[in-house]
Amino acid sequence: MRLVLQIAAALLAVVLCWQAIVWVMAPPRFILPGPLTVISTLVDEQHYLLANAAITLVEIILGLMFGALAGILTALLVCAVPGFRQIVWPMMLVLQALPVFAIAPLLVLWFGFGLASKVVMASLIIFFPVASAFADGLQRTNQDLLDAAALTQASPLATLFLVRVPSALPALGSGLRVAAVFAPIGAVIGEWVGSSRGLGFVMLQANARMQTDTLFAALIILATLTIVLRFLVDALAKRLTPWAREA
């Protein structure tokens with residue numbers, strides 16, 4: 001609740017400054033509409049905006065699911081299979097170094113203008129943070145726990161899933177928190193490159209028509225979705241690791 005109040009206070013301060021700038025400088029509406037104008041647009045175009053927001057939300061959730069699953073499996077393979085890290089990790093670094101806008105046209109070409117290309121884009125963006133954080137957590141398991149597992153003559157697979165994975169869950173939670181913020185970016189970039197629906201499409205259309213109030217309205221909805229998703233992932237991570245509460 002304290003965090004919610006802090007966010008609300010920060011947003012209120014931003015809105016007040018925004019409205020003060022509009023009152024003092026009186027810019028044209030297509031350059032900077034006031035908060036009241038944006039709120040009016042949110043109400044008047046709510047069906048259009050929410051329908052496209054639902055599409056983007058589906059892309060975000062599917063991208064988060066597939067990207068997180070791929071990252072978790074890759075981290076497990078890196079820890080369980082000798083030599084797998086030396087083969088796969090350089091490829092992951094190269095993929096992460098490529099600008100997302102350079103990859104997006106290829107994904108649209110390969111997977112089409114529909115849902116698939118946006119889900120793949122979101123998955124690629126969040127794959128590396130999850131895989132990197134979880135693999136790092138698996139590699140940093142307390143040596144005393146590993147020694148205790150060795151005394152019980154546990155197999156490498158049993159040690160991985162009964163010792164390393166539980167110890168690495170806080171690191172996985174950190175990776176998922178980052179992924180929750182990056183997933184909307186991937187979905188919207190995919191919509192910018194090629195789509196006929198979604199909040200990214202709404203932004204492009206509004207920008208082309210100089211409907212800045214609609215653009216701001218879409219941004220507000222996207223920011224709200226991102227914040228809510230971040231809170232949900234944070235709650236899930238804390239539930240998975242009740243022993244790793246922050247001080």
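Computed from a predicted structure; not experimentally measured. The first residue of the sequence shown is numbered 1, and numbering continues consecutively from there. For the numbers below, each heavy atom of this structure counts, side chains included, while hydrogens, waters and symmetry mates do not.
- Interatomic distance, Thr74 OG1 to Phe128 CZ, rounded to the nearest 0.5 Å: 11.0 Å.
- Hydrophobic clustering, with ILVMFWY side chains joined whenever heavy atoms are under 4.5 angstrom apart, groups Val81 together with Val78.
- If you chain together hydrophobic residues whose side chains sit under 4.5 Å apart, Ile21 and Leu219 fall into the same group.
- Between Thr159 and Thr141, the closest side-chain pair of non-hydrogen atoms is not below 4.5 Å.
- Between atom CD1 of residue Ile72 and atom CZ of residue Phe127 there is a gap of 11.0 Å, rounded to the nearest 0.5 Å.
- Side-chain contact between Thr37 and Val22 is absent, with no heavy atoms from C-beta onward closer than 4.5 Å.
- Of all heavy-atom pairs spanning Ala68 and Leu176, the tightest one is CB-CD2, 3.7 Å.
- Heavy atoms only, all atoms of each residue included: Trp18 and Pro33 are closest at NE1-O, 2.9 Å.
- The two residues Thr226 and Pro184 make their nearest non-hydrogen contact at OG1-CG, 3.4 Å.
- Interatomic distance, CG of Asn52 versus CD of Glu45, reported as 10.5 Å (0.5 Å rounding).
- Between Val178 and Pro129, the shortest heavy-atom contact is CG1-CB, 4.0 Å.
- Residues Ala237 and Arg177 come closest through the heavy atom pair CB-NH2, 3.5 Å.
- Between Ile61 atom CD1 and Phe66 atom CZ the span is 12.0 Å, to the nearest 0.5 Å.
- Leu42 has its side chain within reach of Ile221: a pair of non-hydrogen atoms, C-beta onward, lies under 4.5 Å apart.
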For this session: Under the side chain to side chain contact (heavy atoms under 4.5 Å, CB included) rule, what do Leu107 and Leu124 come out as? Steps first, then yes or no, please.
Result: CA-CA 11 Å; Leu107 296 179; Leu124 285 176; 3.9 Å; yes
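- Within 6.0 Å of atom CZ in Arg197, 12 or fewer heavy atoms from other residues, nucleotides or ligands are found, so the atom counts as exposed in its surroundings.
- Contact check for Phe134 versus Leu76: side-chain heavy atoms found under the 4.5 Å cut-off.
- Between atom CD of residue Gln46 and atom OG1 of residue Thr41 there is a gap of 12.0 Å, rounded to the nearest 0.5 Å.
- For the pair Lys118 and Leu62, the minimum side-chain heavy-atom distance is 4.5 Å or more.
- A heavy-atom distance below 4.5 Å is found between the side chains of Glu59 and Ile55.
- Cys79 places a side-chain heavy atom less than 4.5 Å from the side chain of Leu160.
- Here the shortest heavy-atom pairing between Ala122 and Gly63 reads CB-CA, 3.9 Å.
- Between Leu32 and Phe216 the shortest side-chain heavy-atom distance falls below 4.5 Å.
- Between the side chain of Thr214 and the backbone N or O of Ala206 there is no donor-acceptor pair closer than 3.5 Å.
- Linking ILVMFWY residues whenever their side-chain heavy atoms come closer than 4.5 Å, directly or via other members, leaves Leu215 and Leu36 in distinct clusters.
- Rounded to the nearest 0.5 angstrom, Asn142 CG and Arg164 CZ are separated by 11.0 Å.
- Linking Ile, Leu, Val, Met, Phe, Trp and Tyr whenever their side-chain heavy atoms come within less than 4.5 Å puts Ile185 and Leu57 in one cluster.
- Both Val38 and Tyr48 are part of a single hydrophobic cluster, where members link through side-chain heavy atoms under 4.5 Å apart.
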